[in-house]
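Order of the sequence lines sets the chain letters (A, B, ...), proteins ahead of strands, with each chain counted from 1.
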Protein chains: 2
Amino acid sequence: MGTGVATPGDLASCRRELAAALPADALLADPADLRTYECDGLTGFRVQPALVVLPRSTSEVAACVAACHRHRIPFVARGAGTGLSGGALPVADGVVIGLARMRDVLEIDSANARMRVQPGVTNAEISTHAAPLGLYYAPDPSSQVVCTIGGNVAENSGGAHCLKYGFTVNHVLAVTMVTADGTILEFGDDCADRIGPDLLALIVGSEGTLGIVTEVTVRLLPKPAAVRTLVADFAAVAQAADTVSEIIAAGIVPAAVEMMDKLAIAAVEKGVRAGLSTRAEAILIIEVDGFAGQCDEDFAAIREICAAHGATAVHIPADAAERALIWQGRKAAFASMGQISPDYFVQDGVIPRTKLTPVLDRIAEMAREADLAVANVFHAGDGNLHPLVLYDARIPDQAERAEQLSTAIAELCVDAGGSLSGEHGIGTDKACSMPRMFSEIDLAAMDRVRAAFDPDGLCNPGKVLPTPRLCGERPGPYRPHPIETAGLAGRG
Amino acid sequence: MGTGVATPGDLASCRRELAAALPADALLADPADLRTYECDGLTGFRVQPALVVLPRSTSEVAACVAACHRHRIPFVARGAGTGLSGGALPVADGVVIGLARMRDVLEIDSANARMRVQPGVTNAEISTHAAPLGLYYAPDPSSQVVCTIGGNVAENSGGAHCLKYGFTVNHVLAVTMVTADGTILEFGDDCADRIGPDLLALIVGSEGTLGIVTEVTVRLLPKPAAVRTLVADFAAVAQAADTVSEIIAAGIVPAAVEMMDKLAIAAVEKGVRAGLSTRAEAILIIEVDGFAGQCDEDFAAIREICAAHGATAVHIPADAAERALIWQGRKAAFASMGQISPDYFVQDGVIPRTKLTPVLDRIAEMAREADLAVANVFHAGDGNLHPLVLYDARIPDQAERAEQLSTAIAELCVDAGGSLSGEHGIGTDKACSMPRMFSEIDLAAMDRVRAAFDPDGLCNPGKVLPTPRLCGERPGPYRPHPIETAGLAGRG
C-alpha cells in the first residue's frame with residue numbers, strides 16, 4: 001500500500017489540526033492517559049499510540065481521519081476495547097480514534113423494528129432500549145454488557161444464540177462509514193435485497209480495515225413467546241459432544257447449545273456460583289425458544305437424546321432468575337478463569353460439529369504433552385471452540401509454551417476442516433496464521449479489496465492480513481506485495 | 001479501468017487460443033448460432049457477440065478467461081439467459097462464456113445438508129436431488145425450472161418464499177470463482193463465521209462483474225413439517241395491501257405473501273387456469289410453513305386479519321395438487337402476459353411495505369396518464385413490486401412510452417424510500433438509474449472494489465455501474481473516472 005512514511009513533523013501538524021477540529025477535552029496526549037489505550041482484550045500485545053481522539057459525531061470522525069490522511073498518520077478505531085484478537089491494538093506513533101463518546105440512540109423505528117445508533121452504544125443497551133417495544137437485538141457476545149455495537153460490526157460478533165439467529169452481519173441493515181481519506185459513505189437500506197456490490201456485507205467483519213463505522217442501523221426481533229432451558233451433566237466429554245451432534249442431526253435448531261468442561265465449571269463455580277455440577281466431566285446448556293408448542297416438542301426430544309447419551313442429570317431452572325444465573329455463569333466463564341489460574345490465553349477456532357470428540361480428545365492430549373491445563377467453554381452447537389490455555393506468567397517460559405499450545409490448537413482446527421476464528425476475529429493475533437487457511441491468491445484478492453478502500457494503508461494497518469513486517473522478514477508462504485498473479489497460475 | 005482497446009487481430013489470436021484450449025464443439029462463431037446469445041430475458045436489448053464458448057470445467061473457464069485477458073477481449077458469463085435486467089447481454093466483439101454445459105452435481109453432503117454443484121445446474125434440480133434426503137433449496141425464483149444456480153448467485157435471486165427464508169446470499173456457503181485474469185479463487189467454508197474480508201457476500205449479487213463462478217456450495221433445508229396455503233379475494237387493492245401490513249405487524253412471518261391484481265389474474269387464468277377469482281380486484285396468496293401447531297395458530301390469525309380487512313372470500317386448497325396449481329399460476333404470471341398483451345416490460349422495484357397502497361394508487365394514476373395498462377403481480381410481504389407495463393410494439397411510439405412509464409415507476413419506488421431493484425438486478429437496464437439511489441461517492445467506492453477484481457474492465461463491462469458510454473455523453477450526476485474524493489467532501 002502506501003509508500004510515504006510520516007515524520008515527527010507530520011505528527012505535530014496533524015495534532016494541531018486535530019486540536020483545531022475537536023473540543024479541548026477530546027484529545028489525549030498525556031502518557032498516563034494513553035496507557036489505557038495500549039491494548040485491548042488481547043492483553044499480550046501493548047503499543048502506545050501518539051495521540052487519542054474522542055470524537056462525538058460522524059463529522060468529527062471524518063475531520064480526524066482527514067487530518068490523519070493529509071499527514072499520512074495511521075489510525076485505529078476503538079470501541080470498548082474488549083476485542084480478543086488485538087483488532088484495536090494501536091500503531092506506534094499513530095492515532096487512536098476512540099468512539100466511546102458516541103453513545104446516542106439516534107432513532108427507534110418501532111413500526112419497522114429497527115434502531116439507528118452511534119457506534120459506542122453497547123450491545124446490551126440496544127436490547128434495553130428495545131425492551132419496551134417487546135423487541136430485542138439478537139447477537140449476544142458474552143461481553144455484551146460492555147462491548148459496543150461498533151466493535152460488534154468490526155468483528156462480526158457472535159454469541160451463544162448465534163446458532164439459531166446468525167451473526168452481526170445478519171442483523172445490521174445499514175451503516176455510515178468514514179473511509180481512510182475522510183469521505184463519508186452510507187451503505188444498506190430498507191430494501192429486501194441489496195443492489196450493486198454488497199459493500200455492507202464486506203464492511204461487517206472487516207475488523208476496522210476499510211474505514212470507521214459511525215452509525216449503525218440494526219434489526220430488532222420480537223422476543224420469543226417461550227423459552228426453555230436445561231443443563232445436562234455428563235460423565236464424559238465425548239457423551240456431551242455426541243449429544244450435540246444428534247440434536248442437530250434430528251433437525252432441531254436450538255437457540256443455544258453451550259458446552260463447559262470440568263475445569264471451566266470449577267472456575268465459574270468459584271467465581272459466580274451458578275449452581276453447575278462440579279462433579280460432571282462436561283455439561284451442556286441447551287436452550288430452545290419460539291412458539292410454545294414447538295419449544296415443548298423440541299425440549300422433550302432433547303431430553304430424550306441427552307438421556308440416550310448417558311446424561312447423569314438434567315436440570316431445568318425453576319424460574320427466570322435461575323435461568324439468568326445459569327447464563328450469567330456461562331457468560332462469566334472467561335472472567336472466572338482468574339479463580340483457578342493467574343493467566344490464560346483464549347483460543348477461538350471452529351471445527352465441523354461432527355469432529356467435536358476427536359478434536360477435544362486431541363486438545364487434551366496436546367495439553368498433557370505441553371504439561372499445561374486447558375479449560376473448554378464453547379458454542380458447541382456450531383462447533384466454535386474456546387479452549388482456554390491456563391498458565392502462570394511468573395514461571396519462566398510458561399507464557400511462551402502456552403502461546404505455542406494455543407496457536408497449535410487453532411491450527412488443529414484448520415486441519416480438521418475448520419477455521420482459525422469463530423467470532424473473535426484475526427486482528428493482530430492471527431494475521432500470521434492466515435496463510436494456513438487461505439492461498440496466496442485468495443489473500444492477494446483480499447489485499448486488493450482493502451486497497452480499494454485504503455490505498456495508503458493508514459486504516460488499522462497490520463491487522464487481519466499477514467505482512468512481512470508483522471510475520472518476520474523470513475520468506476513465508478505469502479508475499480502480498482507486489483501483486484502479480486499470472487494468467488493461469490490458479491488452483492484449477 | 002482498462003485503456004488498451006482490442007483490435008480485430010487480437011480477437012483472431014484470442015479465437016485461436018480458445019480453439020486450442022477447448023473441444024471443437026465448445027466454440028460457436030456461426031452468426032446463426034450466435035443469435036441465441038444476443039439477449040437474455042431483457043429482450044429490448046440485443047448485441048451480437050464475436051464468439052461463444054461453452055466450457056465444461058473450472059479449468060476450461062480459466063483457460064477461456066486467460067485467453068480473453070491476454071488479448072484484452074471483454075467477456076460476459078451466461079447461464080440460462082433468463083435474467084430480466086440484461087446482466088448477460090453480450091459486448092459487441094466480445095466473448096460470451098456460456099455455462100450451460102457445466103451441469104454436474106459434484107457432491108451431496110447429507111450429514112451437513114449441503115450440495116456442491118456446477119453453475120449450470122438449475123435451481124429446481126438442486127431441490128430434486130435433495131428431495132430423497134428430505135431436504136430442499138429455499139430460494140425460489142419464478143423461473144426456477146430453467147434458471148441456473150450460477151445466474152442466481154450473480155443476481156442474488158429471490159422468490160416468493162424469500163420473505164421468510166432470505167435471498168441466495170443467505171444460502172450460498174462457498175464458491176469457486178475465476179477472476180478477470182484467469183486466476184481461480186475459492187471463498188467460503190464450513191465455518192459459522194467468515195474470517196477476513198467477506199468476499200463471498202461481495203461476490204453473490206455482483207452480477208458477473210467480479211469474475212465467473214464455476215462451483216457453488218449451497219445450504220439445504222429440511223422440508224417444513226407442515227404447510228398451509230390460502231387465497232384471499234378482495235374488492236379493492238388497498239384492502240389487500242392493508243391486510244399484508246397488518247399480518248407483518250402482528251409479528252407473523254409467513255413463508256410467502258404474494259399479491260396479484262385483476263389484470264394479472266385475468267392473464268394467469270387465460271394461460272394456466274389456476275382457479276383464481278377473475279372477479280376480485282386483488283388476491284393474496286399467503287403461505288405459512290413450519291411446525292404444525294404454529295402453522296395452525298398463524299393461519300387462524302391470518303384468516304381473521306383477512307376477514308377484518310374485507311376479504312370477500314378465503315379459499316384453502318383441498319390438497320397438494322390444488323396448492324401446486326395455485327403456485328404454478330403465480331409463477332407463470334409473467335409468461336401468461338402474452339395472453340392479454342403482445343408485449344410488456346417487467347419492473348422490479350421495492351418499497352417500504354407500509355407504503356403499498358399509496359404507491360400502487362400512484363402507479364394506477366401514472367398508467368392512466370400514459371394511457372397504458374399496468375398489471376401487478378408481486379412479493380407483497382417484502383414490498384417487492386413487479387408492475388408489468390403492457391404495450392404493443394406494432395403501435396408507433398407505444399414501446400417508448402411503456403419504457404418511460406416503467407422507468408418512472410422504478411424511480412417512484414426510490415422516491416418512496418425504496419430501491420430500484422428487488423431481485424432482478426441492475427444489469428444493463430438500470431445502470432443509468434443508479435445515481436438516483438447512490439451518491440457519486442458511494443458509486444466511486446463500488447467502482448474501486450470492482451477494479452480490485454478487474455482492473456482492465458473486461459468482465460461484464462458496462463453493467464451495474466453507470467458509465468458515460470452507456471448513459472450518454474451528456475454530463476450526468478455521476479462521473480466515475482477519474483476517482484478523486486477530497487478529504488472532507490463527504491455528506492456528514
Run the side-chain contact (heavy atoms from CB on, under 4.5 Å) test on A:Leu199 and B:Leu202 for me, step by step, so that the C-alpha distance in whole Å, both residues' side-chain angles and the decisive distance to 0.1 Å come before the verdict.
CA-CA 7 Å; A:Leu199 300 192; B:Leu202 185 67; 3.8 Å; yes

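- Smallest separation of non-hydrogen atoms from A:Ile184 and B:Ile441: O-CG2, 4.0 Å.
- For A:Ala445, the parts lying under 4.5 angstrom from a heavy atom of chain B are both the backbone and the side chain.
- With a 4.5 Å cut-off on non-hydrogen atoms, B:Glu297 touches chain A through its side chain but not through its backbone.
- The heavy-atom pair separating B:Val449 from A:Phe453 by the smallest distance is CG2-CE1, 3.4 Å.
- Going from atom CG of A:Asn112 over to atom CD1 of B:Ile248 covers 11.0 Å, rounded to the nearest 0.5 Å.
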